[in-house]
Amino acid sequence: MSYHEEDNSGKILLAALAGAGAGIIAGMLMAPDKGKATRDNLRSAATKYSGTLGDQLSKYGEELDTKFKGYVEKLEDMGVTGIGSSLNLKGDWNEAKGKLKQQYAQLTDDDLDYTEGKGDELVGRLQTKLGKGKREITKMLNDL
């Protein structure tokens with residue numbers, strides 16, 4: 001898929017959810033059963049389909065994440081953002097820490113402390129400790 005093509009999966013999911021919501025409202029308004037029986041039927045249907053909906057949303061989230069990372073890589077390949085401009089750690093972090101400690105003996109466990117979502121802090125500590133630029137550190141971490 002080229003970067004000019006439009007991805008409609010989000011629109012399709014939104015339309016499906018809107019249609020399901022409209023169907024539920026219409027069903028409640030025209031329900032032949034009394035209120036309690038209707039609520040019980042809705043509760044059982046919601047329980048039945050909630051797992052499926054959660055699985056679908058999780059799947060779409062993973063697909064979006066993969067596509068986003070692909071677009072970032074394409075931008076790097078095109079030279080728009082530059083190689084190594086985004087941190088993309090893969091694999092086991094403990095193994096990567098071991099490799100970094102072997103390459104750079106001056107690094108401590110505190111220097112290599114990484115928490116999900118705090119990659120900038122890790123890059124900043126390594127920049128200070130190793131005296132290298134952000135892109136160089138980011139590329140080095142991505143290549144591990």
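When reading the values below, keep in mind they use all heavy atoms of this one structure, side chains included, and skip hydrogens, waters and symmetry mates.
Counting heavy atoms from C-beta on, the side chains of L141 and L126 come closer than 4.5 Å.
By the salt bridge (charged side-chain N to carboxylate O under 4.0 Å, His left out) test, D143 is found to be paired with K139, residues two or more places apart in sequence or in another chain being considered. For T108, the side-chain hydrogen bond (donor to acceptor under 3.5 Å, both in side chains) partners are D111, not counting sequence neighbours.
The pair K36-D40 meets the salt-bridge criterion, with a side-chain N (NZ, NE, NH1 or NH2) lying under 4.0 Å from an Asp/Glu carboxylate O.
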For the pair N94 and K97, evaluate side chain to side chain contact (heavy atoms under 4.5 Å, CB included) and give the outcome as yes or no after the intermediate values. CA-CA 5 Å; N94 289 325; K97 278 172 53 173; 4.2 Å; yes
Let me see the working for M140 and L130 under side chain to side chain contact (heavy atoms under 4.5 Å, CB included), right down to the final yes or no. CA-CA 12 Å; M140 176 185 69; L130 300 177; 4.0 Å; yes
Working for side chain to side chain contact (heavy atoms under 4.5 Å, CB included), residues K59 and D55: CA-CA 6 Å; K59 179 181 136 195; D55 292 343; over 6 Å; no
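Applying the side-chain hydrogen bond (donor to acceptor under 3.5 Å, both in side chains) test to pairs two or more places apart or on separate chains, those with a residue in residues 98-107 are K101-D109, Y104-K132.
When all heavy atoms of W93 and L112 are compared, the closest pair comes out as NE1-O, 3.2 Å.
The main-chain N or O of G54 is never found under 3.5 Å from a side-chain atom of S58 such that the two would form a donor-acceptor pair.
Taken from CG in L17 to CG in L53, the straight-line distance is 6.0 Å, to the nearest 0.5 Å. With rounding to the nearest 0.5 angstrom, the CZ atom of R125 is 5.5 Å from the CG atom of D113.
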